[in-house]
Amino acid sequence: MPPKISAVLAPETFLKKRRDTAEQKAAKQAQKKEISKKRRATRAVIFKRAEKYLNEYNATEKAIVAQKRIARDTGSFYVPAETKVLFVIRIKGIMKIPPKPRKILQLLRLIQINNGVFVKVNQATKNMLTLVSPYVAFGEPNLKSVRELVYKRGFGKIKGQRIPLNDNLIIEEALSKFGVICMEDIIHEIFTCGPNFKEVNNFLWPFKLSNPTGGFATKKTLNFVEGGDSGNHEDKINKLIRKMN
């Protein structure tokens, strides 16, 4: 008869490692299910918010058209509301910039050429833009420009790191305490200059734009009203954004 072979017991360390691996795998699966469940619930909320914002934008646009029509029919003038948000693009480098404008550019977070930021309009920012006008182009962004910038060039600032906004969970973790959980919330807060504009704008990393397609118009040092590119473009800034985005 062949000799009996006794069972060899596995080492305790091997068994412990196997148990730990199984527990970690189960924990990961549970976490994955929880995230998936949370995303489904959040997706429904995001859809409703996007629909609400769209209706709000359409209603505002219709109201403006109606006011213009009334003004035309009555022979009066329609004066649009003063813009609340400007988009500022740095178009000149560091050469031959005096210390005061250079400091203002740093405060505006326009550290590099072709950087762009949203700025809330108040007396302080008006004074700052007056001083740095030869080095920047700015104007009133429309909804299309805000949306394209956020979706195409949007990055968030998380623990000092530049993180792409490719998942709404990133936004939710950083801004949920302000009621902002998705890209459409960011767009709405920026475009309407909402109550949490400062927090949302500080969360957004300055937009890194490309050189404009076809180059700048003439000389960047000339003011826009003189046929150049610097200074206030008003609503024409949207054309420049398209060329640089």
Side-chain angles (χ1 to χ4, degrees), residues 50 53-69 71 77-92 105 108-110 112-122 125-126 128-130 132-155 165 183-194 197-198 200-245:
Y53 296 151
L54 181 61
N55 292 334
E56 181 182 330
Y57 300 144
N58 290 338
T60 302
E61 189 175 348
K62 288 179 181 178
I64 292 174
V65 172
Q67 290 173 0
K68 288 181 178 180
R69 186 177 293 117
F77 296 96
Y78 168 73
V79 180
E82 186 177 356
T83 184
K84 297 179 181 179
V85 177
L86 296 173
F87 188 69
V88 187
I89 306 171
R90 180 168 178 172
I91 62 173
K92 189 176 179 183
L105 289 171
L108 292 173
R109 303 188 298 157
L110 297 173
Q112 299 174 329
I113 191 170
N114 292 345
N115 275 181
V117 294
F118 292 106
V119 173
K120 185 177 181 179
V121 178
N122 52 41
T125 54
K126 287 180 180 178
M128 293 168 73
L129 289 175
T130 299
V132 298
S133 182
Y135 316 108
V136 299
F138 60 92
E140 308 161 14
N142 57 26
L143 178 60
K144 182 179 180 182
S145 294
V146 175
R147 178 172 278 116
E148 288 181 352
L149 284 167
V150 172
Y151 271 105
K152 187 176 179 179
R153 302 275 183 175
F155 283 79
L165 301 180
M183 297 286 273
E184 289 298 326
D185 284 342
I186 288 179
I187 293 167
H188 183 263
E189 202 70 26
I190 293 294
F191 181 66
T192 62
C193 194
F197 174 89
K198 181 179 178 181
V200 173
N201 195 38
N202 287 339
F203 168 74
L204 289 174
W205 198 278
F207 296 91
K208 294 187 176 184
L209 304 177
S210 304
N211 288 322
T213 305
F216 286 98
T218 52
K219 290 185 178 180
K220 291 189 286 186
T221 52
L222 285 178
N223 194 278
F224 182 69
V225 296
E226 300 172 339
D229 289 290
S230 65
N232 190 357
H233 288 228
E234 298 182 347
D235 61 339
K236 302 295 189 300
I237 193 67
N238 297 290
K239 184 178 179 181
L240 181 59
I241 292 173
R242 301 282 183 284
K243 293 170 67 177
M244 300 182 72
N245 196 2

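Starting from 1, each residue takes its place in the sequence as its number. The model shown is predicted, which means the values in this text are computed figures rather than measured ones.
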Open item on the list: To the closest 0.5 Å, what do you measure between CD (E140) and CD (E234)?
Closed with: 6.5 Å
- [ ] I would like to know whether T192 and F197 meet side-chain contact (heavy atoms from CB on, under 4.5 Å); could you show each step before the answer?
- [x] CA-CA 9 Å; T192 62; F197 174 89; over 6 Å; no
TODO: First locate atom CD1 of I91, then atom CZ of F138, and finally report the distance between them rounded to the nearest 0.5 Å.
DONE: 10.5 Å
Task: For F77 against A71, the heavy-atom pair lying closest together - done: C-CB, 3.9 Å
Task: Heavy-atom closest contact (R109 atom, N115 atom, distance) - done: O-OD1, 4.2 Å
Open item on the list: Is there a ring pair (Phe, Tyr, Trp, His ring centres under 6.0 Å) between F207 and F155? Walk through the geometry before answering.
Closed with: CA-CA 8 Å; F207 296 91; F155 283 79; 9.0 Å; no
Task: Beyond-backbone contact of V85 with V121, side-chain heavy atoms, under 4.5 angstrom - done: no
- [ ] Go through the structure and list residues passing side chain to side chain contact (heavy atoms under 4.5 Å, CB included) with A50, not counting sequence neighbours.
- [x] E184
Open item on the list: On a heavy-atom basis, which atom in I237 and which in P141 lie closest, and how many Å separate them?
Closed with: CG2-N, 4.1 Å
Task: Residue pair L165 / W205, side-chain heavy-atom distance below 4.5 Å - done: no
Task: Residues that E148 engages under side chain to side chain contact (heavy atoms under 4.5 Å, CB included), provided they are two or more places apart - done: K144, R242, N245
- [ ] Start with the C-alpha distance between F118 and L86, add both sets of side-chain angles, then the distance that settles side-chain contact (heavy atoms from CB on, under 4.5 Å), and finish with yes or no.
- [x] CA-CA 6 Å; F118 292 106; L86 296 173; over 6 Å; no
Task: Salt-bridge criterion met for K84 and E189 (N-O under 4.0 Å) - done: no
Open item on the list: I'd like to check the side chain to side chain contact (heavy atoms under 4.5 Å, CB included) partners of F191; sequence neighbours left out, ordered by chain and number.
Closed with: Y57, L143, V146
Open item on the list: According to side-chain hydrogen bond (donor to acceptor under 3.5 Å, both in side chains), who are the partners of H188, at least two apart in sequence or on a separate chain?
Closed with: E56
Open item on the list: Can you give me the closest heavy-atom contact between A137 and L240, atom names plus distance?
Closed with: CB-CD2, 3.9 Å
Open item on the list: Just to verify, what does K198 make a side chain to side chain contact (heavy atoms under 4.5 Å, CB included) with, not counting sequence neighbours?
Closed with: N202
Task: Residues in side-chain hydrogen bond (donor to acceptor under 3.5 Å, both in side chains) contact with N211, at least two apart in sequence or another chain - done: N114
Open item on the list: If we ignore hydrogens and angles and just use 3.5 Å, is the side chain of N238 paired with the main-chain N or O of S145 as donor and acceptor?
Closed with: no
TODO: Could you grab the distance from atom CZ of F87 to atom CD1 of I89, nearest 0.5 Å is fine?
DONE: 5.0 Å
Task: Non-neighbouring partners of N122 that pass side-chain hydrogen bond (donor to acceptor under 3.5 Å, both in side chains), sequence neighbours left out - done: T125
Open item on the list: Distance check, rounded to the nearest 0.5 Å: I190 atom CD1 versus L149 atom CG?
Closed with: 10.5 Å
Task: Short side-chain to backbone donor-acceptor contact, N58 and L54, under 3.5 Å - done: yes
Task: Closest approach of G139 to N232 (non-hydrogen atoms, all atoms of both residues) - done: CA-OD1, 4.0 Å
- [ ] Please confirm whether the backbone N or O of L110 pairs with a side-chain atom of R90, one donor and one acceptor, at under 3.5 Å?
- [x] yes
- [ ] Flag the pair V150 / M183 as yes when at least one side-chain heavy-atom distance between them is below 4.5 Å, and no otherwise.
- [x] yes
TODO: Kindly indicate whether the side chain of S210, heavy atoms from C-beta on, has any atom under 4.5 Å from the side chain of M244.
DONE: no
Task: For K239, all residues meeting side-chain hydrogen bond (donor to acceptor under 3.5 Å, both in side chains), sequence neighbours excluded - done: none
- [ ] Hey, could you give me the OH/CG distance between Y53 and D185, rounded to the nearest 0.5 Å?
- [x] 3.5 Å
Open item on the list: How close do S230 and P134 get, counting heavy atoms only, and between which atoms?
Closed with: CB-O, 3.6 Å
- [ ] Output the distance between atom CG (L105) and atom CD (Q112), rounded to the nearest 0.5 Å.
- [x] 12.5 Å
